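Input: a single structure, listed below in structure tokens.
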Amino acid sequence: VHLQASGGGLVQAGGPLTLSCATSGFTFDAHDVGWFRQAPGKEREAVSCISSSAGTIYYADSVKGRFTITSDNADNTVYLRMNDLKSEDTAVYFCAAGAFPTCRKYLFAVQHAYDAWGQGTLVTVSS
């Protein structure tokens with residue numbers, strides 16, 4: 001199982017950025033994928049998840065209305081489109097995969113529900 005997060009970088013506050021999570025080594029539509037982030041000095045927190053099987057999507061309250069998660073089943077990739085970025089969005093972003101059904105309202109933020117993690121990609125928002 002392999003997940004590769006990419007797309008991080010330096011962006012000005014208010015700007016957009018899109019992260020990608022390329023996956024391989026498992027049945028994509030039998031797994032749900034989540035995005036997490038860890039800001040400097042803080043614990044890792046859930047950002048969003050998507051279930052291709054169930055068609056469900058959840059977001060943390062802090063990113064609702066600004067972030068959009070999508071998946072491309074053709075190339076087994078999950079994207080996180082981030083708009084109106086704020087300085088508090090600065091963090092290392094990770095993607096993770098869990099066997100369906102992990103992307104559920106009261107489960108998607110539970111980190112040990114995910115079986116595999118990718119390395120992080122750093123997003124820095126300058127004000």
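Only a predicted model underlies this, so the values are computations on that prediction, with no experimental measurement involved. Reckoned from all heavy atoms, side chains included, excluding hydrogens, waters and symmetry mates. Numbers here are sequence positions counted from 1.
Under a 4.5 Å side-chain heavy-atom cut-off, the cluster of Ile, Leu, Val, Met, Phe, Trp and Tyr residues that includes Leu107 is completed by Val110. The hydrophobic cluster containing Val92 also includes Phe36, Tyr58, Phe94, Phe108, Tyr114, Trp117, Leu122, under a criterion of side-chain heavy atoms closer than 4.5 Å among ILVMFWY residues, counted directly or through chains of members.
When every heavy atom of Ser48 is checked against every heavy atom of Ile57, the shortest pair comes out as OG-CG2, 4.5 Å. What you find for Leu3 and Cys21 is that their closest heavy atoms are CD2-SG, 3.7 Å.
Residues that satisfy the side chain to side chain contact (heavy atoms under 4.5 Å, CB included) test with Ser71, not counting sequence neighbours, are Phe28, Ile50, Ser52, Asn73, Val78. Every side chain to side chain contact (heavy atoms under 4.5 Å, CB included) that Ser6 has, sequence neighbours left out, goes to Ser20. By the salt bridge (Lys or Arg N to Asp or Glu O under 4.0 Å) test, Asp61 is found to be paired with Lys64, residues two or more places apart in sequence or in another chain being considered. With sequence neighbours excluded, the residues forming a ring-ring contact (aromatic ring centres under 6.0 Å, His included) with Phe26 are His31, listed by chain and number. By the side chain to side chain donor-acceptor pair (under 3.5 Å) test, Arg66 pairs with Asp89, sequence neighbours left out. When the side chain to side chain contact (heavy atoms under 4.5 Å, CB included) test is applied to Ala39, the partners found at least two apart in sequence or on another chain are Lys42, Ala91. By the salt bridge (Lys or Arg N to Asp or Glu O under 4.0 Å) test, Asp115 pairs with no residue at all, sequence neighbours left out.
Note on residues 63-88: no pairs pass ring pair (Phe, Tyr, Trp, His ring centres under 6.0 Å), not counting sequence neighbours. Sequence neighbours left out, not one pair with a member in residues 20-31 passes salt bridge (Lys or Arg N to Asp or Glu O under 4.0 Å).
Looking at heavy atoms from C-beta onward, Cys49 lies out of side-chain contact with Val33 at the 4.5 angstrom threshold. Between Arg37 and Leu80, every side-chain heavy-atom pair lies at or beyond the 4.5 Å cut-off.
The distance from atom SG of Cys95 to atom CG of Leu19, rounded to the nearest 0.5 Å, is 9.0 Å. To the nearest 0.5 Å, the span separating CD on Gln111 from CZ on Arg44 amounts to 4.5 Å. A distance of 5.5 Å separates OG of Ser24 from NE2 of His2, quoted to the nearest 0.5 Å.
Formation of a donor-acceptor pair under 3.5 Å by the Gln4 side chain with backbone atoms of Thr23 is not found in this model. A donor-acceptor pair under 3.5 Å is absent between the side-chain atoms of Thr27 and the main chain of Ala30, judged by distance alone.
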Side-chain polar contacts of residues 81-88 - donor-acceptor pairs under 3.5 angstrom, sequence neighbours left out - could you list them?
unit_1: Arg81; atom_1: NE; unit_2: Asn83; atom_2: OD1; d: 3.0
unit_1: Arg81; atom_1: NH1; unit_2: Thr18; atom_2: OG1; d: 3.2

Exercise for review: I would like to know whether Tyr59 and Val47 meet side chain to side chain contact (heavy atoms under 4.5 Å, CB included); could you show each step before the answer?
Suggested key: CA-CA 6 Å; Tyr59 298 100; Val47 174; 5.9 Å; no
Review point. Taking it one step at a time, do Leu17 and Val123 satisfy side chain to side chain contact (heavy atoms under 4.5 Å, CB included)?
Key: CA-CA 9 Å; Leu17 197 66; Val123 173; 3.9 Å; yes
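In this model, no donor atom of one side chain and acceptor atom of the other lie less than 3.5 Å apart for Thr102 and Asp32.
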